[in-house]
Amino acid sequence: MKTVYTCFCTDIIHEGHLNIINEALKLGDLTVGVLTDSAMIRYNRFPSVSLEERIDLVKKIPGVTNVIVQNRISYDEVFETLHPDYIVHGDNWSTPSMQAVHDNITALCEKFGAQLVEIPYTHNEKLIKLDRQMREKLAMPEFRRGRLRKVLGMLPLITAIEVHSGLTGLIAEKTIVVDGEEINQFDAMWISSLCDSTNKGKPDIELVDISSRLRTIEDVMEVTTKPIIFDGDTGGLTEHFVYTVRTLERMGVSAVIIEDKTGLKKNSLFGTQVEQTQDSIENFCAKITAGKKAQLSDDFMIIARIESLILEKGMDDALKRAKAYVSAGADGIMIHSRRKDPGEILEFCDSFRQTDKTTPVVVVPSSYNTVTEAELASHGANICIYANQLMRASFPAMENVAKSILTHHRSHEIDSELMSINDIITLIDEL
């Protein structure tokens, strides 16, 4: 018999999948692939059930006798090991990520003498509702909150980008770049106090109160599903921080990062140009411990941000604090630097990993922006935050539009640089 292969990227089996199975069985001996967790994430499909459960779902489908794990979105490994005569797939190739899959399959079919059989994609009200329900499930607090911890175990490096509104949240949620057979997207979102303050026209001195900042989180959560990391500045008074932890946890935020400074907040990138006071190790450890005692779930993370390198206190002080903060209960360590080269960040990661192999390390390559994600991961970093780039991009773009209108007394000259009206009114999905 001919060898037939199809692959599913789903947590549920519905009539569309069954239709593909039935058509595939007509062609020969069917093998069904199930994508791994990490491959599903790259495919913008976060798994809500385990790989073992997804395999079991497929095995229960009548007619399916052989199930394998597909480790990558590309089909190269499948062709090299299974040598299928037919690849059966739905004809839903409209998105860039799906087009990349299509190109990969057709190239391999030509190389190995196989045939791609396209099955009309099943569209009806029931399936549309199912897709929406699956997406809404991922947006629910109990699911969203635990995603960061789960992804830490699935990917070598998590990338997060700053968002400060529902619109920027949509950019973080939906932006996908296809590079050959690689599909790249952001894994999480960072709610920055700097960008939140700037978006409101306020200085970054903790002037924007927590209620306003929580409203920003709500705006982002209403239109996204990806995990949120919250910039908690210093965390404030310990007595206040415990309530912040409870609130963020209840909302579905995955993590809060607090920095070990005291007094009036000044942005870290000022370094020693302005007076900044680092908290004592004892006081900051007490704040971490109090926050951990206050949280109710195991999902929420409190990450300690170390300012020793910013304040030129030296590597030994940074490493000493990291060890103490982990002992106090910190779920991760963020190390910050304002140098143009990544040397001291990489040195910290290497030294920290000599004694601690598991605690997640967060880095923020704003000033040392020539370092690659692969290099950061190779030195033991787990989360890379692009902390202010969307905000920094928006101001000059909007200012340029304003200047053009004032110069030409009309908007025609700048129109080619603007998003079309049709695109803007269809950007937001309707229920």
Side-chain angles (χ1 to χ4, degrees), residues 1-138 181 183:
M1 295 181 68
K2 297 289 186 179
T3 301
V4 187
Y5 182 78
T6 190
C7 181
F8 289 155
C9 176
T10 184
D11 292 335
I12 59 173
I13 301 298
H14 54 61
E15 60 184 278
H17 300 116
L18 296 178
N19 182 44
I20 289 176
I21 291 291
N22 291 334
E23 294 301 318
L25 287 170
K26 296 175 182 177
L27 299 171
D29 188 30
L30 175 62
T31 296
V32 179
V34 178
L35 278 180
T36 61
D37 293 341
S38 58
M40 281 187 70
I41 292 170
R42 292 273 69 84
Y43 203 56
N44 205 19
R45 296 270 186 160
F46 186 85
S48 61
V49 298
S50 69
L51 175 62
E52 291 72 23
E53 289 172 298
R54 298 198 301 277
I55 292 172
D56 191 51
L57 278 174
V58 175
K59 283 183 176 179
K60 291 179 179 178
I61 300 174
V64 175
T65 57
N66 189 25
V67 180
I68 65 172
V69 174
Q70 184 170 323
N71 295 303
R72 295 173 58 83
I73 295 171
S74 64
Y75 281 58
D76 297 67
E77 185 178 336
V78 171
F79 273 83
E80 290 167 2
T81 57
L82 191 63
H83 303 291
D85 298 294
Y86 296 101
I87 298 292
V88 180
H89 200 288
D91 63 353
N92 52 323
W93 308 115
S94 58
T95 65
S97 57
M98 290 306 305
Q99 189 59 53
V101 174
H102 178 269
D103 293 346
N104 173 248
I105 292 174
T106 52
L108 289 167
C109 283
E110 183 177 351
K111 177 180 178 181
F112 288 90
Q115 181 181 344
L116 170 62
V117 178
E118 301 176 67
I119 307 299
Y121 198 70
T122 306
H123 289 282
N124 57 48
E125 288 297 322
K126 182 181 177 181
L127 294 191
I128 292 172
K129 184 178 180 180
L130 274 175
D131 285 341
R132 187 171 71 246
Q133 287 175 335
M134 290 300 297
R135 176 179 168 80
E136 290 299 322
K137 181 180 178 181
L138 293 176
E181 297 171 9
I183 298 175

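Please read these numbers as outputs of a predicted model, since none were measured by experiment. All values below come from the heavy atoms of this structure, side chains included, with hydrogens, waters and symmetry mates left out. Numbering starts at 1 and runs along the sequence shown.
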*asked:* Test: side chain to side chain donor-acceptor pair (under 3.5 Å). Region: residues 79-93. Which pairs qualify, not counting sequence neighbours?
replied: Trp93-Glu118
*Shortest non-hydrogen contact from Asn71 to Ala39?*
O-CB, 3.8 Å
*asked:* If we count only N and O atoms by modelled type, under 3.5 Å, do the side chains of Asn19 and Glu15 hold a donor and an acceptor together?
replied: no
*Close side-chain approach of Val64 and Lys59, heavy atoms under 4.5 Å*: no
*With rounding to the nearest 0.5 Å, note down the distance linking CD in Gln133 to CD1 in Ile12.*
8.0 Å
*Please round to the nearest 0.5 Å and tell me the distance separating atom CD1 of Ile20 and atom CG of Leu25.*
12.0 Å
_Closest contact, heavy atoms only, Gly16 versus Leu127_ = N-CD1, 4.2 Å
*Does a side-chain heavy-atom distance below 4.5 Å link Thr31 with Val4?*
no
*Considering only heavy atoms from C-beta outward, does the side chain of Met1 approach that of Leu27 to under 4.5 Å?*
no
_Verdict with supporting geometry, Val34 and Cys7, side chain to side chain contact (heavy atoms under 4.5 Å, CB included)_ = CA-CA 6 Å; Val34 178; Cys7 181; over 6 Å; no
_Thr6 side chain to Val88 backbone, donor-acceptor under 3.5 Å_ = yes
*asked:* Using 0.5 Å steps for rounding, measure from the NE2 atom of His14 to the CG atom of Leu18.
replied: 9.0 Å
*Does the side chain of Gln115 reach to within under 4.5 Å of the side chain of Val117, using non-hydrogen atoms?*
yes
*Should the heavy atoms of other residues, nucleotides or ligands under 6.0 Å from CD of Glu110 be counted, would the total exceed 12?*
no
*asked:* Would you say that Met134 contacts Leu138 through its side chain, given a criterion of any heavy-atom pair below 4.5 Å between the two side chains?
replied: no
_Candidate pair Ile87 and Phe112, rule side chain to side chain contact (heavy atoms under 4.5 Å, CB included), full reasoning_ = CA-CA 12 Å; Ile87 298 292; Phe112 288 90; over 6 Å; no
*Find out whether Ser74 and Leu108 are in side-chain contact, i.e. whether some heavy atom of one side chain is under 4.5 Å from a heavy atom of the other.*
no
*Could you tell me whether the side chain of Ile105 reaches within less than 4.5 Å of the side chain of Cys109, counting heavy atoms only?*
yes
_Using the side chain to side chain contact (heavy atoms under 4.5 Å, CB included) definition, which of the options Ile68, Asp29, Leu30 pairs with Tyr5?_
Ile68
*Nearest 0.5 Å, what's the NE2-CG distance between His17 and Leu57?*
10.0 Å
*Roughly how far apart are Leu82 CG and Gln70 CD, rounded to 0.5 Å?*
10.5 Å
*Under the salt bridge (charged side-chain N to carboxylate O under 4.0 Å, His left out) test, which residues partner Lys129, sequence neighbours left out?*
none
*Roughly how far, to the nearest 0.5 Å, is CD of Glu23 from NZ of Lys26?*
3.5 Å
*Check side chain to side chain contact (heavy atoms under 4.5 Å, CB included) between Glu52 and all other residues, then give those that pass, not counting sequence neighbours.*
Ser50
*Answer with yes or no whether the side chains of Asp11 and Ser48 bring together a donor and an acceptor at under 3.5 Å.*
yes
*Of the non-hydrogen atoms in Ala114 and Pro84, which two are nearest, and what is the gap between them?*
CB-O, 3.3 Å
_I'd like to check the salt bridge (charged side-chain N to carboxylate O under 4.0 Å, His left out) partners of Asp56; sequence neighbours left out, ordered by chain and number._
Lys60
_Regarding Arg54 and Asp37, does a basic nitrogen lie under 4.0 Å from an acidic carboxylate oxygen?_
yes
*Among Val58, Val32, Ile13, find the one that has a side chain to side chain contact (heavy atoms under 4.5 Å, CB included) with Ile21.*
Val32
*Quick one: list whatever passes side chain to side chain donor-acceptor pair (under 3.5 Å) with Lys111, sequence neighbours left out.*
none
*Considering residues at least two apart in sequence or located in another chain, which fulfil the side chain to side chain donor-acceptor pair (under 3.5 Å) criterion with Tyr75?*
none
